[in-house]
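Hydrogens, waters and symmetry mates play no part in the numbers below; they use all other heavy atoms, side chains included. Residue numbers begin at 1 in each chain, while the letters A, B, ... track the order of the sequences. A quick note: this is a predicted structure, and the numbers were derived from the prediction, not measured.
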Amino acid sequence: MIRQKLAVLVTQALASARNAGVLCSELFPDVVIGTPAQEAHGDFACNIALQLAKPERKSPRQVAESVLLHLQDTDGLIRRAEIAGPGFINFFIAPSAWQQCLPLIEQAGPAYGTTDSGAGRKAQVEFVSANPTGPLHIGHGRGAAIGDVLCRLLAATGWQVTREFYYNDAGAQISNLALSVQARCLGIETDDPRWPADGYQGEYIKEVATAYLAGETVVAGDQQVTASGDPDDLDAIRRFAVAALRREQDQDLQAFDVRFDHYFLESSLYSDGKVEAAVQQMIANGHTYEQEGALWLRTTDFGDDKDRVMRKTDGGYTYFVPDVAYHLDKWQRGFLRVVNEQGADHHSTITRVRAGLQALNAGIPKGWPEYVLHQMVTVMRGGEEVKISKRAGSYVTLRDLIDEVGRDATRFFFVMRRPDSQLVFDIDLAKQQSLDNPVYYIQYAHARICSIFENATEKGAVLPSIEPDAATLALLTSPEELRLIRLLGSLPGVVDEAARDFEPHKIAYYLTELAGQFHSYYNKTKVVTEEQTLTTARLYLLARIRQVLQNALALLGVSAPERM
RNA sequence: GGGCGGUUAGCUCAGCUGGAUAGAGUGUUGGCCUCCGAAGCCAAAGGUCGUUGGUUCGAAUCCAAUACCGCCCGCCA
């Protein structure tokens, strides 16, 4: 809030200096107020003089002096402003300006940190979208955590968000699933020559087969499927297996506190004729050709390195065709912004889907939809990498992870790195309830504040139930206190940036920083003292820290326990 | 061969779209509880930002090469 005010003041000073004939540029670059790395350089710094030196044909320091001369600090925001180094303008903010931030944070309540950048426009995030051919593994877990936090971040920045899960229930992998379950029903082992070529070998296939033979009923989503128990009825096996695995995935996601507004079935694109319609449109627009018995899309017209087959010689469509139809449907549903969160191993689909959408000539922007790709996850246990082999069925499932290390730690670990970077998930570290573990470090700060409030109540301290007056707030003067307020005040900017850049880890880093500053402050400063007013002021600061910890943890879907 | 991502302290990673003396956690070493939660705090040591050029007042950041690592490059999804 103070940062924006400063930007306005400097912008006004530039205009004023130009009017006075001191500066001559017609257009000024946007004023950027930065945070100096060192406290000696003030609370904020501005490099505008360095940028203007050349066009103004003056030295940076001369420009800076002109800016300062025309700066009108009517609100008494600035205690001191100075020109430093090559020409930076360093601002030292008045303590009273910092103190006045606290009531504003309180008034915003749980909404503190949110912005209205999205202005209520419609956005959609598609994530997880796992094939219903097995349990969710650790890679899906990262996608689930990142996607979920992206949704929370977009919602916090004013977007109306729809969370969607795309179900690939129509492809060859589903056939393989059905064949695998059927083989298990017939007692065929994986080393048997009759075992299906691309069959799923995991133990869970056996369980599905057993349930099928026993005639069990599963409820998944809005449908209910009862097994016929007939091992020859491949279609019945397929329906049952898909439902059974979907139920498993739903339960895992529920345990992970990840929910969806909409499940979209790939099969519906075929039954509703949307795939065929999209294909016809691409043909009509002249972007396709027949060759060697297949139908091709000229994706090279849209930046691909070679053309891609749309309709195979066997008459079936390749996987990206329904994907194009699906995204056309998203566009028609009015989502200005669509984000697809996927594993980086699917990155080659981006060009194809975007090319297909352009070939439709439907007025869809070139860069639509947007993609967030996360890199691979390596699991470490006991200092060794846990090898993952999906086909052999030996891999760490999301459920295993949640059961072993807990939901909070799992979520936090998945989003504490940039999606771009490969993630080493150290199970031993995530399990530790100690200082090594950043989740506990942050949650501990919250619990500690709650504990201090209990203590204060017992001692009969005056709790800041109403907004303290200026004289009380004026007692918050130590460097640690002002630094904490500055950090509290930066939350909205951090949230906006994390949402804009699709970088959930920025929230994790913010929380670590805030918890650290609080622990340090606590260690140095007695909160509950003999002086009543001072105690009230400090408790008020602590209440705001607690509030911001809660708000930021909520963005990650991590709990803020009162006791640990 | 082509595409995408990565390369920063012993290890795991940040680095605010080009700013001042490159940061945090962990690990190592040494300190701090008669006191609100020591699951905590403080201090020290630790770096040619993969390499080489270029752009400019200024580069970990932008550009061009190049070297490694991961993932893709199917009429699988």
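Close placement of the A/Phe302 and A/His287 rings is indicated, their centers lying within 6.0 Å of each other. Ring pair A/Tyr263/A/Phe165: centre-to-centre distance below 6.0 Å.
Judged by distance alone with a 3.5 Å cut-off, no donor-acceptor contact links the side chain of A/Asn176 to the base of B/A77. For B/C75, its base sits under 3.5 Å from the side chain of A/Thr313 at one donor and acceptor pair at least. Counting distance only, with no hydrogens placed and no angle test, the side-chain atoms of A/His347 and the base atoms of B/G3 include a donor-acceptor pair under 3.5 Å. A donor-acceptor contact under 3.5 Å links the side chain of A/Asn47 to the base of B/G19. Side-chain N/O atoms of A/Tyr319 and base N/O atoms of B/A77 include a donor-acceptor pair closer than 3.5 Å.
If you check every strand for non-hydrogen atoms under 4.0 Å, A/Ala445 touches nothing. Among the atoms of the strands shown, base atoms are found under 4.0 Å from some heavy atom of A/Gln422. Within 4.0 Å (heavy atoms only), A/Ala45 reaches at least one base atom of the nucleic acid. In this structure, A/Phe320 reaches neither bases nor backbone, as no heavy-atom distance under 4.0 Å exists between it and the strands shown. The residue A/Met564 sits close to a base: some heavy atom pair falls under 4.0 Å. Within 4.0 Å (heavy atoms only), A/Asp501 reaches at least one base atom of the nucleic acid. Among the heavy atoms of the strands lying under 4.0 Å from A/Lys54 are primed sugar atoms or P, OP1, OP2 only; no base atom is included. Counting non-hydrogen atoms under 4.0 angstrom, A/Val528 reaches a base of the nucleic acid. Residue A/Thr318 is in sugar-phosphate contact alone, with no base atom involved, counting any heavy-atom pair closer than 4.0 Å across all strands shown. A/Arg311 comes within 4.0 angstrom of nothing in the nucleic acid, heavy atoms only. Looking at heavy-atom distances under 4.0 Å, A/Thr457 makes no contact with the nucleic acid at all. Here A/Glu513 lies out of heavy-atom contact (under 4.0 Å) with every strand. Note on A/Ser421: only backbone sugar-phosphate atoms sit closer than 4.0 angstrom, heavy atoms only; bases stay farther off. Using a 4.0 Å heavy-atom cutoff across all strands shown, A/Glu454 reaches no nucleic acid atom at all.
Rounded to whole angstrom, the span from the CG atom of A/Leu50 across to the P atom of B/G58 amounts to 12 Å. In this entry the distance linking CD1 of A/Ile449 with P of B/G40 reads 15 Å, nearest Å. Between the C1' atom of B/A14 and the CG atom of A/Leu511 lies a distance of 15 Å, rounded to the nearest Å. Rounded to an integer number of Å, the gap from A/His346 NE2 to B/G5 P is 18 Å. In this structure, CG of A/Asn523 is placed 12 Å from P of B/G37, rounded to the nearest angstrom. Rounded to whole angstrom, the span from the CD atom of A/Glu82 across to the P atom of B/A20 amounts to 16 Å. Nucleotide B/C4 holds its P atom 13 Å from the CG atom of A/Asp420, rounded to whole Å. Atom pair A/Arg417:CZ and B/C13:C1' shows a separation of 4 Å (rounding to whole Å applied).
Pairing for B/G1 is with B/C73, a Watson-Crick or G-U wobble pair whose two hydrogen-bonding atom distances lie under 3.5 Å. Pairing for B/C49 is absent, judged as Watson-Crick or G-U wobble with the two contacts each under 3.5 Å. Across all strands shown, B/A67 forms a Watson-Crick or G-U wobble pair, both distances under 3.5 Å, with B/U7. Across all strands shown, B/A24 forms a Watson-Crick or G-U wobble pair, both distances under 3.5 Å, with B/U12.
Salt-bridge check for A/Glu65 with A/Lys58: failed, with every basic side-chain N at 4.0 Å or more from each acidic carboxylate O. With salt bridges taken as basic N to acidic carboxylate O contacts below 4.0 Å, none links A/Lys330 and A/Glu164. Using a cut-off of 4.0 Å between Lys/Arg side-chain N and Asp/Glu carboxylate O, A/Asp329 and A/Lys274 are scored as salt-bridged.
Using modelled atom types, one finds a donor on one side chain and an acceptor on the other under 3.5 Å when comparing A/Arg352 with A/Tyr319.
For B/G46 and B/G37, the C1' atoms lie 32 Å apart once the distance is rounded to whole Å. B/G18 and B/C4: their C1' atoms are spaced 25 Å apart (whole Å).
RNA chain B is contacted by both A/Pro419 and A/Asp307; A/Pro419 maps to the nucleotide lying nearer its 5′ end (nearest heavy atom per residue). With RNA chain B read from its 5' end, the first of the two nearest nucleotides for A/Asn455 and A/His505 is the one closest to A/His505.
Cation-pi contact between A/Arg246 and A/Tyr167: present, with separation from the ring centre below 6.0 Å and deviation from the ring axis of at most 45°. A cation-pi arrangement is absent between A/Arg407 and A/Phe412, since the terminal nitrogen or guanidinium carbon is not both under 6.0 Å from the aromatic centre and inside a 45° cone about the axis.
Of all nucleotides listed (B/C76, B/G70, B/A20), B/A20 comes nearest to the side chain of A/Ala84.
OP1 or OP2 of B/C72 has not a single side-chain nitrogen or oxygen of A/Ser348 nearer than 4.0 Å.
Residue side chain A/Phe88 meets the stacking definition with respect to B/A20: its ring centre sits within less than 5.5 angstrom of the base's six-membered ring centre, and the planes differ by less than 30 degrees.
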